[in-house]
Amino acid sequence: MITTVPDISLGLLHEGMFDKTGKVVTTSLTLIDIHDLARSSRTYEMTNFYVAHPADTLRKLAQTLHYHWEEGFGSKYNPNRTEALSRLKVVTSLDDIVADITTRTGQKPVLVATCAKDWPNRVTFANVRARMAQRDRPWLVLLGTGWGMSEPLIQRTDLFLEPILGPGDFNHLSVRAAGAIILDRLCRPE
Ligand code: SAM
C-alpha cells in the first residue's frame, strides 16, 4: 500500500482507567469524544480511529451514532460529518485494535501511551515523530479517559509519550483537546 503519510491510527480506550479515587475502572463512553476525535483523526489522516469499550450496550450506542452519520439521515444532512466518521471502528478491547492492525498490515503496531502525569520514562514528540516518519511500522496512539490510564495499561505499550504541558501548573485537558494537540505535534505537515 503506497501511502503519503505514515500508517498511524488513534485509539480511545475506556478499560483500565483511573477514577478520581485512584481505583482502576472502566469509564463510560462519551459521544462527543467520538465526534470530536473522529474529526481530528480524519484531519490528520489517521488510518483508523478506534473506540474500544467492553460493554455491548455502549458499543451499540457508538455504532448507532456511526450508522446515523454514515448511512442514515445524517449522511444526507451533513456529508462532512460522514467523512469525519468514515474511519471510525468500534471494538471491544485494545487487543481487538492490535489484531485489526496486525491483520491489515502483517505487523504488530507500535503502541504509544499518553498521559498528563509527569511519570518517568517518557519519549518526546520529536522522537516519536521521527520514528513514525521512517514508515516501517504501523503505529497506534492511545488516548485514555477518566483520570487517565492505569500503570498496567501503560506497561502494555512500547512508548510513553511526554505530557502536553502549559506554562502554568494547571493540567486538565479534555481527551478531545489533548488528542488534537498530540496529533498536531506528531502529524502536522513539516
Ligand atoms: N489526569 C489524566 C491523565 O493523567 O492522563 C487526564 C485524563 S484526560 C481526561 C483523558 C486522556 O487525555 C488521558 O488519558 C490522555 O490520553 C489525554 N491527556 C489529557 N491531558 C493530557 C496531557 N496533558 N498530556 C498528554 N495526554 C493528555
Side-chain angles (χ1 to χ4, degrees), residues 8-44 46-55 58-59 61-62 84 87-98 101 109-132 138-188:
I8 308 168
S9 289
L10 186 68
L12 179 66
L13 304 178
H14 297 84
E15 209 169 359
M17 301 300 145
F18 283 125
D19 71 2
K20 64 181 172 186
T21 69
K23 218 163 80 209
V24 179
V25 298
T26 297
T27 58
S28 188
L29 182 141
T30 310
L31 292 182
I32 188 65
D33 289 350
I34 299 178
H35 267 298
D36 222 58
L37 289 168
R39 289 185 190 208
S40 296
S41 297
R42 182 64 187 86
T43 301
Y44 288 95
M46 293 294 106
T47 305
N48 285 114
F49 167 46
Y50 293 94
V51 174
H53 204 288
L58 290 178
R59 282 198 310 280
L61 181 62
R87 304 191 184 175
L88 172 65
K89 288 193 170 187
V90 181
V91 298
T92 304
S93 66
L94 173 56
D95 288 338
D96 289 346
I97 304 175
V98 172
I101 296 172
V110 180
L111 302 188
V112 182
T114 63
C115 173
K117 299 176 184 70
D118 60 353
W119 288 345
N121 309 319
R122 312 298 278 266
V123 289
T124 64
F125 283 99
N127 179 290
V128 173
R129 188 183 166 100
R131 293 189 198 196
M132 287 176 165
W139 290 77
L140 176 61
V141 178
L142 295 170
L143 295 172
T145 43
W147 272 257
M149 294 182 204
S150 57
E151 289 95 330
L153 181 53
I154 290 173
Q155 279 153 18
R156 282 194 55 185
T157 62
D158 302 297
L159 299 173
F160 190 15
L161 197 55
E162 64 178 318
I164 301 159
L165 296 174
D169 59 357
F170 182 85
N171 189 353
H172 297 282
L173 293 167
S174 70
V175 64
R176 299 176 298 282
I181 295 166
I182 289 165
L183 291 188
D184 188 69
R185 290 187 182 177
L186 294 178
C187 306
R188 66 168 172 261

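Everything numeric here is computed off the predicted structure, so don't read it as measured data. Just so you know, ligand 1 is whichever comes first in the structure, and atom 1 is the first atom listed for that ligand. Values below: all heavy atoms of this structure, side chains included; hydrogens, waters and symmetry mates excluded.
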* Classify the angle between the aromatic ring planes of F18 and W119 as parallel (below 30°), tilted (30 to 60°) or perpendicular (above 60°). => perpendicular

How close does the nearest protein non-hydrogen atom get to [atom], and which residue and atom is it?
atom	value
atom 8 (S) of ligand 1	L173 O, 3.7 Å
atom 4 (O) of ligand 1	K117 NZ, 2.8 Å
atom 18 (N) of ligand 1	A178 CB, 3.4 Å
atom 25 (C) of ligand 1	C115 O, 3.4 Å
atom 16 (O) of ligand 1	T114 OG1, 2.6 Å

* Please work out whether any backbone atom (N, CA, C, O) or any side-chain heavy atom from C-beta onward of W147 is under 4.0 Å from ligand 1, and answer side chain, backbone, both or neither. =>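 The answer is the backbone.
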
* Pick one of side chain, backbone, both or neither for how N171 approaches ligand 1, counting any non-hydrogen atom pair under 4.0 Å. =>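 The side chain, only.
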
* Asked: Is there a side chain to side chain contact (heavy atoms under 4.5 Å, CB included) between S9 and I101 once you walk through the steps?
  -> CA-CA 9 Å; S9 289; I101 296 172; 4.1 Å; yes

* Among A113, G144, A116, closest by any non-hydrogen atom to atom 14 (O) of ligand 1 -> G144

* Answer yes if the side chains of D95 and S93 hold a donor-acceptor pair under 3.5 Å, and no otherwise. => no

Min side-chain heavy-atom separation [X]-[Y] under 4.5 Å:
X	Y	answer
M17	L153	yes
W139	V128	yes
R131	L159	yes
I34	L29	yes

* Any idea which atoms of ligand 1 are less than 4.0 Å away from a heavy-atom of G148? ->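 In order of numbering, the contacting atoms are 2 (C), 3 (C), 5 (O), 7 (C), 14 (O).
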
* Are any of the N/O atoms in I164 less than 3.5 Å from those in ligand 1? ->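 Yes: some nitrogen or oxygen of I164 is under 3.5 Å from one in ligand 1.
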
* Output yes when the distance from some N or O of ligand 1 to some N or O of E162 is under 3.5 Å, and no in every other case. =>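 In this structure, E162 places no N or O atom under 3.5 Å from an N or O of ligand 1.
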
* Please determine which of T47, V110, I97 meets the side-chain contact (heavy atoms from CB on, under 4.5 Å) test together with L140. =>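 Considering T47, V110, I97, a side-chain contact (heavy atoms from CB on, under 4.5 Å) with L140 is found only for I97.
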
* **ligand 1 contact by G146, heavy-atom criterion under 4.0 angstrom** => yes

